[in-house]
Amino acid sequence: MNTAPVVYLVDDDPAVGDACSFLLEAANLPVHYWADSRRFLAEAPLHGYGCVILDVRMPGLDGLAVHERLRSADSTLGVVMLTAHGDVAMAVDALKHGAVDFLQKPMSLEELLVALDAAFARSQELLARRALKSRVGALSRREREVAELVSLGLTNREIAERLCLVVRTVEVHRANAMRKLDTDSTADLARLWERLEAAPEH
Amino acid sequence: MCWSRLFVAVARTCCACALLVSLLLLGPPATAAELTVGVLAPRGEGRALSEWAGTVRYLNQVLPGYRFTARVFDMDGMTAAVADAEIDFVITKPSHYIALGTPHELSWLATARPWHDGPPSEAVASALLVRADSPFDDPAQLRGRTVGAVHPESLCSFLIIHPVLRERGIVPARDFRLRYLGYPSDELLYQLDQGLLDGAIVPACLLERMVEEGAVAPSRFRVLIPHDSDHPCASSTEWYPGWSFAALGHVPADLAAAVAHVLLEPDNGSDRAWAAPTSLARVERLLSDLELHPLKPSLRTQLRATVVRYWHYSVLALLLVLAALLHYLWLQQLALRRSRELARTTQELRERERQLAKAQRLSLLGELATSLAHELNQPLTAIRSYAQGCALRLAAHDGNRALLPILDRIDAEAARGAAVVGRARDWLRREPELQELRVADVLRDLIRFYAADLRAHAVRVRLDVRPPDLRVRAERVALEQVLGNLLSNSLQAYRARDGSGPIHIHAEALAGRVQIRLRDRAGGFPPEQLEEPFRPFRSTRSDGLGLGLVLCESLMRTQGGSLKLGNAGSGAEVTLTLQHGEEQ
């Protein structure tokens, strides 16, 4: 999380692309611009820390379709939609599907920065969840069971009884899980598990 | 056997008794019986009475068992008196006699000898008189002049001259200014003499008698169209038999015979001489000539008689005529109703057309505003971004700070421009009024609406709605607009290729939505249009605005539906997706 967030801009109008890049660079944000939505999907790193600004109306794949692809690719980029059209229904739809903000062109710098901040936060969240998922994914079935029961506040003895194991085995699984999940306290583990449970499936 | 003989005897006795009674009743009366002689009075009551007084008096003398009394009548009065059998004998003119004789049984006893001692068959004629000093030599010269006559229906004084005048092409009622002076006819001569009349149609011998009576001077008058005869009186016509004496049907035969006998005595002591009844053939001919003959009824009378006689056929014919009339009226009514219906349908269609055109105009305007907003917002976005970017950089590099407010102003102006565009767009955007519609109804109305265009391009539309009662939730006018635009796109595509073909419209329920697919065989969409289907201001037609499909798409979107373009086979396939009618 120490790296600076990257902004990807996708808009079929080169003038808008150039101007927005100019503005965002002035605001000290690294910008990468694509005029073609398909090429963006093919070329951009979709699982980094950052944000994509999508124009809704584009030839080929429009903004909503790109958003859809990003979601199905489990991208960690925050999404801000731009429209020159002022379509409320479309905006609601996009927000429902996880877009951070929906800005009406021509937007002001303040609006854009607020939206980008939210998008970065969202990206961080997505990254964390992604990391968490991959860590949870590294647990064995037993380690996972033990960790879940630990997060529920059960003692080693209680867990051993529940899973028909000796306490020692439980202690080993618990230690392994804590190590793999990079936590050093029971409370930490419980909080992490809670986050995992609450995380939407996108 | 015995009984039958007795019956015959009784019957004979009864017959004899009846005969006796009837003889007693009909036989000559014991006391002087009252008998009335009806006398027609063409020259006034007094004149008539004095003329026939001698005859009546003589009858009373010779037939003592009876008392004859003369009663004066005009024509109608006498006809009525004969019909009611108020009188027993009549003395009247031949024409009237014929009229009287028809419906009532009359026996003609004698014909009066004319007063001038001519033959009885030459008693009546008519004369057209003018003043001797007048310029008239021909009746045609009297056209438009005042001509007097006694009475329009008087035969011997007026009607008998008609055939003579007709030969000369004159119809008195048409050509003369006729004045009827009535009886006595003497007045005609007086007025002619005084110059009040230009001509007078009078009974022949009137002039001679009035001259003899010293009432007028003979040199004052002249007869037009003089009839060539050795008759002592001048006339314009032939001569006809004169006055006749007749007995009514109820007068006993022996009494009638006795009266006839008295009248025909060579010197009967009355001042009028009577002769045997003359033939009425010439009078009848004259009457039928004038279409006045009572026995030869006019065409109208004949027709009436035929109708009455064959009344059932007449009624049938009448019913048929009535039925035909009713049928005609019914047809008229039907035609009227049809034309009213047609007018109403046309009116409705025109109203729909108007609504659709208005909706199309408004939508186009809205789409124009939206599209313009979009197109303008792109450069405005660039302007704002550049300006804001400049301001940021300027502030960061601590350069010319005086430029900062200018850059802010550029930003503000661009925002203002965007606001103007946005307001126009919002103002033209309206919320759709969704309702439940039967797809089949909408499509059928659409085809009816485009019927003329479809015919002109020889394009047939095939509808396939499944199920037939399929319903959508949409805005009627908007849906009609979209379908209408798509239909006319297809038509234009066919026209561009100088061809024709089918348009298939298929509607069905699919995954909780309703899908309407239009498919033609007119070449389909170009690939670049399918790449970005709804980009405004791009038209394949030189005269197109390039908003039609853009408009359709946004109309579908506002109704909660969508529009998809594609190609299928040798043509275009457009898919509309709409909310299902049952979902709220």
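Predicted model only: the values in this text are computed from it and were never measured. Within every chain, numbering begins at 1; the chains are lettered A, B, ... in the order of the sequence lines, protein sequences first and strands thereafter.
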- Task: Give a yes or no answer on whether the side chain of Arg393(B) reaches the backbone of Phe22(A) with a donor-acceptor pair at less than 3.5 Å.
- Result: yes
- Message: Measuring from atom CG of Asp55(A) to atom OG1 of Thr381(B), what distance do you get when rounded to the nearest 0.5 angstrom?
- Response: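 One gets 8.5 Å once the value is rounded to the nearest 0.5 Å.
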- Query: What distance separates Ser385(B) OG from Leu112(A) CG, expressed to the nearest 0.5 Å?
  - Reply: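 Those atoms lie 7.5 Å apart.
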- Query: Side chain, backbone, both or neither: which part of Asp18(A) has an atom under 4.5 Å from a heavy atom of chain B?
  - Reply: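 Its backbone and side chain both get close to chain B.
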Quick check: closest heavy atoms across [X] and [Y], and the distance to 0.1 Å?
X         : Y         : result
Ala84(A)  : Gln378(B) : CB-OE1, 3.8 Å
Ala26(A)  : Gly389(B) : CB-O, 3.5 Å
Arg384(B) : Pro106(A) : NH1-O, 2.9 Å

- Message: In the structure I gave you, are the side-chain heavy atoms of Gln104(A) and Asn377(B) within less than 4.5 Å of one another anywhere?
- Response: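 When only atoms from C-beta onward are counted, Asn377(B) and Gln104(A) do touch, with a gap below 4.5 Å.
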Count the heavy atoms of every other residue, nucleotide or ligand shown that sit under 6.0 Å from [atom1] of [X], and state whether that count exceeds 12.
X         : atom1 : answer
Lys564(B) : NZ    : no
Gln355(B) : CD    : yes
Arg142(A) : CZ    : yes
Arg144(A) : CZ    : no
Arg471(B) : CZ    : yes

- Based on non-hydrogen pairs under 4.5 Å, which of Met58(A), Glu25(A), Met107(A) is most in contact with chain B?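 Result: the option with the highest number of such pairs is Met107(A).
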